[in-house]
Amino acid sequence: MKKGLLSIILMCIVVMAIAQDTTNIKELQQVIVTASRTQQKRSDAPIAISTISTKTIQDTKANRLDQLLNKVSGVFMVSLSNEQHEMSIRQPMTTKSLFLYLEDGIPIRTTGLYNHNALLEMNMAAAKQIEIIRGPASSLYGAEAVGGAVNIITLTPPPVNTGMVSLQANNNGYKRVDLQAGGTYGKWGLVVSGYYANRHDGPVDYSDFHKTALTFRADYKASDKTTWSNSITFIDYYSDMTGSLDSAHFAQKNYTTPYSFTYRKTTALRIRSGITQQWNDNSQTQVTAMFRDNSVKQNPSYYITNNRTNVLLANGQLNNSSFNSYLLVAQHQQQFKWLGSKVIGGISADLSPSTYIARYIQINRDGKGNYTNYQQTDSTLSNYNTGISNLASYIHYEMSPLRGLKLVAALRYDFYHFDFDNHLPASASTGAPSTKQDFTRFTPKAGFTYNYKGIGIYANYSQGYVPPQVSELFNSVKVPYLQPQTFFNYEAGGWFSLLEHKLYADWSLYLMNGTNEIISVREDDGTFQNRNAGKTRHRGVEYGITYRPSRQWMFRVSATNAKHTFTDYVEKGADVSGNEMSAAPHFISNAEVMYHPAFIKGFRIGMEWQHLGKYWMDNANTQSYSGFDLVNLRTGYTVGRCEVWVNALNLFNKYYSTFASKSAYGYSYNLGDPREWNVGMAFRMGKK
């Protein structure tokens with residue numbers, strides 16, 4: 001914590017000392033929408049929120065979302081190869097359901113069926129801007145918005161006919177083509193965006209993948225006050241499931257894998273239609289309907305276990321988790337003259353029938369321990385349907401009793417109904433008997449902001465919660481009595497904009513206590529049962545500074561110092577209370593310098609440094625991983641309608657693991673990509 005505050009002070013001194021050019025640069029304060037579900041200035045939101053702009057997206061030329069999100073202080077998205085990932089926002093690096101992923105403010109998946117790989121269901125080519133809330137956002141968005149929420153705001157139809165096509169490839173077998181085209185025709189605005197990517201013969205054996213992502217949007221401007229917006233997004237994704245390296249393979253830089261048939265296949269369809277009615281300058285209503293159709297089919301490497309009696313055999317499964325979802329959200333915003341008040345209220349209904357089927361497969365091994373092939377059997381391990389219903393209402397209120405001071409309060413009520421129908425006899429392996437479970441929750445938030453001549457402060461209290469996932473409730477013969485996991489967050493922070501808006505900095509300090517966390521407790525008969533018995537504490541300081549002395553130069557640093565600990569936790573019979581949580585680095589940082597030389601119009605060059613600090617690999621705190629430092633170099637040149645770029649990622653070819661862990665089965669390392677030379681070119685069409 002002290003190290004983080006000292007870093008802020010030193011950076012401010014250094015940056016202000018080198019300030020020379022007085023050229024007026026556009027203020028870094030941006031308009032955001034995620035903090036209150038409506039447009040507002042960043043300085044009016046009592047929350048830790050960051051924006052990744054269109055220009056940053058265009059200059060970065062990212063082929064994975066983590067290359068963008070990791071620029072934000074307090075955020076580290078872990079790459080598990082081929083756009084697969086896990087996340088860390090005010091939490092350790094984890095696959096747990098503690099983060100909410102939104103597209104234009106609408107969750108892309110339903111509650112209770114969290115998937116840590118959900119961001120691979122996004123269309124990166126359709127992203128216009130990305131907003132990241134750090135800390136609980138459940139008072140507006142509901143469950144899973146605990147560590148934070150990532151909102152990808154998609155492209156709107158352009159006012160004139162434009163288009164773009166780009167091609168890129170790298171030395172590690174990755175290839176990609178992007179397409180955008182759109183225009184306005186009378187009252188209709190149309191835009192289509194998408195990409196196809198694949199990788200073949202990557203650095204690790206059996207690591208191929210391919211993905212098709214396509215979004216079509218059509219907006220109808222019925223009048224100056226009425227807009228009808230429609231979009232369709234389709235994702236088709238396939239990846240070999242390599243699995244991680246064990247300690248021997250990682251130490252020897254041996255990239256072979258025993259798996260040759262495991263895979264993950266995801267398809268996602270989202271159809272959204274919404275009407276926005278601007279009644280007058282002070283009143284607006286929005287109604288949005290969405291249909292979601294998701295399926296994740298797997299032959300997962302993590303479910304393969306060796307046969308105890310025959311070394312040439314192993315066990316595994318083919319599974320399919322899918323859901324349909326019918327969502328309706330209605331919201332009204334009303335502004336009042338009295339103390340600059342504003343009320344935002346909304347209701348939502350989400351009906352999501354889901355299915356899960358897992359079938360047993362018998363796997364053959366060779367004498368070297370490789371899994372060579374498998375045979376399907378008639379044995380069904382799991383076969384159930386779960387009807388998930390979520391009815392919610394929320395209200396958000398703002399007022400400004402004094403100039404520069406804004407008070408904010410929000411409250412949300414959620415009702416969840418899980419209707420579990422098991423098509424197999426209940427057992428420890430097939431799951432619980434058919435049953436119904438209800439959960440209810442009120443989630444409050446309160447805070448304030450105060451701004452004075454480019455300097456602002458804020459503070460808030462908020463709660464976040466996560467209802468039990470379907471797999472946590474119904475994966476044993478007895479349905480456990482579980483309550484939502486609840487997190488209580490206290491934070492304060494601020495920002496300043498100086499030197500005619502050339503220098504901008506923000507920071508936040510937080511304390512978040514988790515209660516009723518679901519843990520696996522050993523029973524007297526030796527079995528394990530899920531219970532609400534865990535407590536955790538999360539503390540940290542997040543800070544970022546951006547300095548633009550002229551139109552040519554940009555300097556940026558973002559970082560977080562944090563500590564994540566167990567206050568009361570038993571992990572499968574072992575008490576780890578007082579220990580630090582595994583996969584929880586004390587320090588994460590990302591820094592960047594970008595140069596647009598005036599004497600070479602259209603040219604840019606930038607250098608980025610990513611640091612991930614040391615962390616424990618297990619909750620018992622017996623083994624640590626040292627972390628890593630990466631350097632990325634990005635260059636690009638635009639002339640006329642053409643653009644070319646060369647990105648050198650992991651410039652110094654650092655050998656590292658994106659995620660390292662230790663368990664009863666040994667050590668596990670997810671290999672980071674070696675140096676990549678990513679070369680691309682784009683051509684823009686239509687009017688500029």
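Summarising the geometry of Ala45 relative to Gln40, their closest heavy-atom pair is CB-OE1, 3.9 Å, with the distance given to 0.1 Å. Shown here for Trp279 and Thr285, the closest heavy-atom pair between the two residues is NE1-OG1, 2.8 Å. Contact between Phe336 and Val343 at its shortest, heavy atoms only, is CE1-CG2, 3.9 Å. When all heavy atoms are compared, the tightest approach of Pro107 to Gly105 is CD-O, 4.0 Å.
Inspection of the Tyr195 and Lys211 side chains reveals an N or O donor paired with an N or O acceptor under 3.5 Å. Of the N and O atoms on the side chains of Asn451 and Trp495, at least one donor lies less than 3.5 Å from an acceptor on the other residue. Defined by atom type and a distance below 3.5 Å, a donor-acceptor pair is missing between the side-chain atoms of Thr635 and Trp645. Side-chain atoms of Thr226 and Gln277 form a donor-acceptor pair, as typed in the model, at a separation below 3.5 Å. Side-chain contact, Ser352 with Tyr326: no donor N or O sits under 3.5 Å from an acceptor N or O. For the residue pair Ser325/Arg292, the side-chain donor-acceptor check at 3.5 Å is satisfied. With 3.5 Å as the limit, one finds a donor-acceptor pair spanning the side chains of Gln168 and Asn678. No hydrogens or angles considered: nothing links the side chains of Ser73 and Ser558 as a donor-acceptor pair under 3.5 Å. No hydrogens or angles considered: a donor-acceptor pair under 3.5 Å links the side chains of Asn590 and Arg556. Remark: the Glu491 side chain and the Tyr458 side chain contain an N/O donor-acceptor pair separated by less than 3.5 Å. Between Asn151 and Thr34, the side chains place a donor N or O and an acceptor N or O closer than 3.5 Å (distance only, hydrogens not considered). A donor-acceptor contact closer than 3.5 angstrom is absent between the side chains of Thr443 and Ser139.
With salt bridges taken as basic N to acidic carboxylate O contacts below 4.0 Å, none links Arg42 and Asp44. Ionic pairing of Asp178 and Arg176 is present here: one or more N-O contacts between side-chain nitrogen and carboxylate oxygen are shorter than 4.0 angstrom. Ionic pairing of Arg64 and Asp673 is present here: one or more N-O contacts between side-chain nitrogen and carboxylate oxygen are shorter than 4.0 angstrom. Between Asp219 and Lys187, none of the side-chain N atoms (NZ, or NE/NH1/NH2) sits under 4.0 Å from a carboxylate O, so this pair counts as no salt bridge. Salt bridge Arg604/Glu643: present, at least one basic N to carboxylate O contact under 4.0 Å. In this structure, Arg109 pairs ionically with Glu121, as a charged nitrogen and a carboxylate oxygen lie closer than 4.0 Å.
Ring orientation note: the planes of Tyr101 and His85 are nearly perpendicular, at an angle over 60° on the 30°/60° scale.
A donor-acceptor pair under 3.5 Å links the side-chain atoms of Asn123 to the main chain of Ala125, judged by distance alone. Of the possible polar contacts, one joining the Asp104 side chain to the Thr154 backbone as a donor-acceptor pair under 3.5 Å is found. The backbone N or O of Lys128 lies less than 3.5 Å from a partner atom in the side chain of Thr54, making a donor-acceptor pair.
Geometric assessment of Arg37 against the ring of Tyr394 yields a positive cation-pi assignment under the 6.0 Å and 45° thresholds.
The residue from Glu542, Glu131, Arg134 that alone fulfils the side chain to side chain donor-acceptor pair (under 3.5 Å) condition with Ser50 is Arg134. Here the rule is side chain to side chain contact (heavy atoms under 4.5 Å, CB included) with Ile130, and of Ile153, Thr56, Leu69 only Leu69 fits it.
Around CG of Asn280, the count of heavy atoms belonging to other residues, nucleotides or ligands within 6.0 Å exceeds 12.
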